[in-house]
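Shown next, in structure tokens, is the structure this report addresses.
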Protein chains: 2
Amino acid sequence: MFSKACEYGIKASIYIATNSYDGHRVSLKEIAQKIDSPEAFTAKILQDLVRHKIIRSAKGAYGGFEIPKNEISEVKLSQIVNAIDGDSIYRGCGLGLHVCDENHPCPVHDQFKDIRTQLKDMLQNTNLEQLALDIKSGVSFLKL
Amino acid sequence: MFSKACEYGIKASIYIATNSYDGHRVSLKEIAQKIDSPEAFTAKILQDLVRHKIIRSAKGAYGGFEIPKNEISEVKLSQIVNAIDGDSIYRGCGLGLHVCDENHPCPVHDQFKDIRTQLKDMLQNTNLEQLALDIKSGVSFLKL
DNA sequence: CTTAATTCGGATAAATTTATCCTATTTGTA
DNA sequence: TACAAATAGGATAAATTTATCCGAATTAAG
């Protein structure tokens, strides 16, 4: 579904959100441990999210990553996915045709239509606050 | 969504179906041209589908690939996807957790639930006959 | 001012996926 | 039987994704 990079990006963003919620900045090292991801690779992904202004970073001692409290509920899953994987998951053709629309549909265009729409809506309507609160309350988990 | 291999596999199967419908066996060369895929790579995928008994092959002159007429409507997209990509698209965790179920859900488990179910149902309920007929009647297309 | 803890960024390596090439084998037809 | 047209399959290459390493820059604290 998503690339590894995207999975790490989503999990890292959620972990950062849970901590920003409490006003805590978190380091790359801590993030990688908590979401069980390779540290250096995760660093690249976080840099990418920083460039896309989805998260913020602070260099130097006591530095780390954070999301301004008032922005946590504004960050949608779709932004993270878009930044890392692009929008082809819910925009591109299911069979990889370059042209695929109502006028020139691929064989599974109709079958995929609802699924794509639902996926797109879900990603656009799910924000980091919801996800972070479930982690904080122990309802959901970031590893295993 | 799917790997390139899987996309080629689905398109090839549909093209073979449209021809088997008319009692015509088709060669690798013809298939690759009609679905716009790399020939040698497509050969590997077709071999795989043959091993999974989803399509049949005939060696030698006048050989090629076919699907017994009475089986065309029995081949579901899910079988092709399973043979090539496995079932992780609609079985695995959206964030790649090794354990992810109702008791230990990942942060997006609930959000993905419906989408997975819908995708799974669609793949299991869509057969090659439907798709092939749309191609034959010019309603849908295998390339561009 | 020095040090330690960080992120940043470039280079590189490993793993996987995608793609190509070549030879062997099979098989229908002349 | 010889030939040509196919699939089968192994080896290899190219491209992409995933992952690691290391030095530079930044910054808070002592």
Side-chain angles (χ1 to χ4, degrees), chain A residues 1-13 15-16 19-20 24-33 35-67 81 83-86 88-89 92 95-96, chain B residues 1-13 15-16 19-20 24-33 35-67 81 83-86 88-89 92 95-96:
Chain A
M1 192 102 205
F2 301 125
S3 66
K4 277 283 169 202
C6 195
E7 290 177 3
Y8 297 151
I10 293 171
K11 287 189 276 191
S13 298
Y15 184 70
I16 294 167
N19 283 273
S20 294
H24 298 141
R25 209 180 258 162
V26 283
S27 70
L28 164 65
K29 201 178 196 174
E30 181 181 344
I31 294 168
Q33 274 168 4
I35 71 172
D36 196 28
S37 68
E39 201 174 308
F41 188 45
T42 305
K44 302 297 186 194
I45 298 160
L46 292 178
Q47 278 178 43
D48 207 9
L49 293 177
V50 168
R51 279 187 223 105
H52 280 83
K53 299 186 191 300
I54 291 169
I55 62 178
R56 289 189 191 174
S57 66
K59 287 186 184 178
Y62 292 77
F65 299 89
E66 67 192 327
I67 302 173
V81 173
I84 303 175
D85 280 351
S88 64
I89 323 168
L95 296 184
Chain B
M1 193 100 203
F2 300 124
S3 66
K4 276 283 169 204
C6 196
E7 290 177 3
Y8 297 150
I10 292 171
K11 287 189 279 192
S13 297
Y15 183 71
I16 295 167
N19 283 275
S20 293
H24 299 142
R25 212 179 255 165
V26 284
S27 70
L28 165 64
K29 204 176 195 175
E30 180 180 345
I31 295 168
Q33 274 169 4
I35 71 172
D36 196 30
S37 67
E39 199 174 310
F41 188 44
T42 304
K44 301 298 185 192
I45 298 159
L46 292 179
Q47 277 180 43
D48 208 8
L49 293 176
V50 169
R51 280 188 222 104
H52 280 84
K53 299 184 191 300
I54 291 168
I55 62 178
R56 290 189 191 174
S57 66
K59 288 187 184 178
Y62 292 78
F65 299 89
E66 67 191 328
I67 302 174
V81 173
I84 304 175
D85 281 352
S88 63
I89 323 168
L95 296 184

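Letters A, B, ... mirror the listed sequences (proteins, then strands); counts begin at 1. Quantities reported herein were computed from a predicted structural model and do not represent experimental measurements.
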In whole Å, I'd like the distance from the [atom1] atom of [X] to the [atom2] atom of [N].
{"X": "B:Asp85", "N": "C:dT16", "atom1": "CG", "atom2": "P", "value": "15 Å"}
{"X": "B:Leu49", "N": "D:dA8", "atom1": "CG", "atom2": "C1'", "value": "15 Å"}
{"X": "A:Asp48", "N": "C:dT7", "atom1": "CG", "atom2": "C1'", "value": "15 Å"}
{"X": "B:Ile35", "N": "C:dT18", "atom1": "CD1", "atom2": "C1'", "value": "14 Å"}
{"X": "B:Glu39", "N": "D:dA8", "atom1": "CD", "atom2": "C1'", "value": "14 Å"}
{"X": "A:Ile31", "N": "C:dA5", "atom1": "CD1", "atom2": "C1'", "value": "15 Å"}
{"X": "B:Arg51", "N": "D:dA8", "atom1": "CZ", "atom2": "P", "value": "8 Å"}
{"X": "B:Ile45", "N": "D:dG9", "atom1": "CD1", "atom2": "P", "value": "15 Å"}

So [X], base contact, sugar-phosphate only, or nothing? Heavy-atom distance under 4.0 Å.
{"X": "A:Phe41", "value": "base"}
{"X": "B:Arg25", "value": "nothing"}
{"X": "A:Leu28", "value": "sugar-phosphate"}
{"X": "B:Lys44", "value": "base"}
{"X": "B:Ala58", "value": "sugar-phosphate"}

A:Asp48 side-chain N/O to A:Ile84 backbone N/O, donor-acceptor pair under 3.5 Å: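 Not at all, since once roles are kept as given, no pair shorter than 3.5 Å links the two residues.
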Distance-only donor-acceptor test, B:Lys59 side-chain atoms vs C:dG28 base atoms, 3.5 Å: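 Answer no: no donor N or O sits under 3.5 Å from an acceptor.
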Is it the case that more than 12 heavy atoms not belonging to B:Arg25 sit under 6.0 Å from its CZ atom?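 More than 12 heavy atoms, drawn from other residues, nucleotides or ligands, come within 6.0 Å of this atom.
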With rounding to the nearest 0.5 Å, note down the distance linking [atom1] in [X] to [atom2] in [Y].
{"X": "B:Leu49", "Y": "B:Ser13", "atom1": "CG", "atom2": "OG", "answer": "5.0 Å"}
{"X": "B:Gln33", "Y": "B:Glu39", "atom1": "CD", "atom2": "CD", "answer": "7.5 Å"}
{"X": "A:Ile35", "Y": "A:Tyr15", "atom1": "CD1", "atom2": "OH", "answer": "10.0 Å"}

On DNA chain C, check which nucleotide each of A:Ser57 and B:Ser3 is closest to and give me the residue with the more 5' one.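 With A:Ser57 and B:Ser3 compared, the 5'-side residue is A:Ser57.
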Counting just side-chain N and O atoms, does A:Gln47 come under 4.0 Å of either OP1 or OP2 of C:dT7?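 No, no such contact exists.
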Which nucleotide in the list [options] gets nearest to the side chain of [X]?
{"X": "B:Ala61", "options": "D:dA5, D:dG9, D:dT7", "result": "D:dA5"}
{"X": "B:Phe65", "options": "D:dT7, D:dT18, C:dT7", "result": "D:dT7"}
{"X": "A:Tyr62", "options": "D:dT20, C:dA19, D:dA28", "result": "D:dA28"}

Heavy-atom nearest nucleotide on DNA chain D for A:Thr42 versus B:Lys29: which residue maps closer to 5'?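 On the 5' side of the pair lies B:Lys29.
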